[in-house]
Amino acid sequence: MSAGALRPRFGDYPVGAAIPPLVRTVTREQIAAYAEASGDRNPIHLDEEFARSVGLDGIIAHGLLSMAFLGTMLTEWLGDPAALRSLSVRFSGVVRPGDTLTCTGEVTAAEVVEGSGGRVGRLRLALTGVNQRGERVLSRGQAVVELPL
Amino acid sequence: MTGEIVGRRSAPIEHTLTAAEIRAYADAVGDPNPLYRDADAARRAGYPDIAAPPTAAAIFMMKPVLALLTDPELAVDLGRLVHGDQAYEFARPVVAGERLTVAGEVVEAYARAGHQFIVIATEARDGAGEAVVRGRATFVVRGGGER
């Protein structure tokens, strides 16, 4: 695959290195499309009146939609979704239609391990998602990825 | 009800992930990767068919979660339900057409600061019985810790 040439190499990502960030603006239409695609049609994501009736300021995005942005950031960088071994995050702030999220990732640990197909480089990354006001809406994000040596 | 729900399990749920579902998911989250849309591109990259983005696990992993949370005995008020955190471990990408069996279990439940917290572990297995995705998530029922 041609994209293989573009895959990041372990040695280029020491502890402290940043990966390419991802910026996404969430829209009402996107939240509705995510509800359909994921099957999570909780009205707090879809129905303005319902959301207000339960004490929210209006509809909110699914936490998993914001998490998907972290997934996209990682797999765009990695070139192959199989290189992503784990992903976790805390949904620490509400995301509303119109919010712009900036996702970032930084290497916190790097080691060479014995994988199923030989030696690979395993990186642990810390991930964050911040909205346009600088509020952290995705926190304690962590991923483990495996790269060729 | 906080303590006694620990150990509650969903019935195993079968889900065949389709190419259409993968594409709808990738479109919805705005991920343009051809591996998620183009079977030829996916085969060139070594996949037997269109691959799913790792986080598309939500399509099948949320099924047992919603089954548990909407169980009439748990009586969780969806309007007060917030997703607190989510962790996934991926054995490999799932590809279009795979039939998965997904199950979930309440592994922790506690009240704190007036809210109820429910932790659910989920697992998706492939046709060979191998775990392909494992998940663990915390859900918060706002105001649900009040008595």
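Here is the naming used below: chain letters follow the sequence lines, and residue numbers restart at 1 for every chain.
Identified by a heavy-atom distance below 4.5 Å to chain A, the contributing residues of residues 56-70 of chain B are B:Ala58, B:Ile59, B:Met62, B:Leu66, in residue-number order. Interface residues of residues 92-108 of chain A toward chain B, defined by a heavy-atom distance below 4.5 Å: none. Proximity to chain A among residues 9-28 of chain B is limited to B:Ala24, B:Tyr25, B:Ala28, judged by heavy-atom separations below 4.5 angstrom. Using non-hydrogen atoms only and a strict 4.5 Å limit, no part of residues 98-107 of chain B faces chain A.
In this structure a side-chain-to-backbone donor-acceptor pair under 3.5 Å is missing from A:Arg140 to B:Asp85. When atom types are taken as modelled, the side chain of A:Arg24 and the backbone of B:Gly30 share a donor-acceptor pair closer than 3.5 angstrom.
Across every non-hydrogen atom of B:Thr55 and A:Gly71, the tightest pair is CG2-CA, 4.2 Å. Here the closest heavy-atom approach between residue A:Pro81 and residue B:Pro54 is recorded as CB-CD, 3.8 Å. Of all the heavy atoms in B:Tyr88 and A:Met67, the pair that sits closest is CD1-CE, 3.8 Å.
When hydrophobic clusters are built by joining Ile, Leu, Val, Met, Phe, Trp and Tyr residues whose side-chain heavy atoms come closer than 4.5 Å, directly or via intermediates, B:Val76 is grouped together with B:Ile5. By the rule that hydrophobic residues join a cluster once side-chain heavy atoms approach within less than 4.5 Å of another member, A:Phe50 and A:Ile60 end up as members of one cluster. A:Leu64 and B:Leu78 fall within a single hydrophobic cluster, where Ile, Leu, Val, Met, Phe, Trp and Tyr side chains are chained together by heavy-atom contacts under 4.5 Å. Residues B:Val140 and B:Val119 fall within the same hydrophobic cluster, defined by Ile, Leu, Val, Met, Phe, Trp and Tyr side chains chained together at heavy-atom separations under 4.5 Å. Transitive grouping of hydrophobic side chains (ILVMFWY, heavy atoms separated by less than 4.5 Å) brings A:Val112 and A:Leu123 into a common cluster.
Contacts of A:Tyr34 with chain B are made by both backbone and side-chain atoms, with heavy-atom separations under 4.5 Å. The parts of A:Leu87 that come within reach of chain B are both its backbone and its side chain, each placing non-hydrogen atoms under 4.5 angstrom from that chain. For A:Ile44, the part sitting under 4.5 Å from any heavy atom of chain B is the side chain, from C-beta outward, and nothing else. With a 4.5 angstrom heavy-atom cutoff, A:Leu74 does not touch chain B via any of its atoms. In this structure, the portions of A:Arg85 lying under 4.5 Å from any heavy atom of chain B include both its backbone and its side chain. Within the 4.5 angstrom heavy-atom criterion, no atom of A:Gln142 approaches chain B.
Under a cut-off of 6.0 angstrom, the local environment of CZ in A:Arg136 is sparse, with at most 12 non-hydrogen atoms contributed by other residues, nucleotides or ligands.
Counting heavy-atom pairs closer than 4.5 Å to chain B, the top-ranked of the candidates A:Ala68, A:Ser38, A:Ser66, A:Ala35 is A:Ala68. Put simply, of A:Pro43, A:Ser88, A:Gly55, the one with the most heavy-atom pairs under 4.5 Å next to chain B is A:Ser88. The candidate with the highest count of non-hydrogen atom pairs below 4.5 Å against chain A, out of B:Ala137, B:Ala91, B:Gly84, is B:Gly84.
With contacts defined as side-chain heavy-atom distances shorter than 4.5 Å, the pair B:Phe90/A:Val144 does not qualify. Residues B:Arg134 and A:Ser86 form no side-chain contact, since every pair of their non-hydrogen atoms from C-beta on lies 4.5 Å or further apart.
Here the OG1 atom belonging to A:Thr75 is positioned 9.0 Å from the CG atom belonging to B:Leu35, to the nearest 0.5 angstrom.
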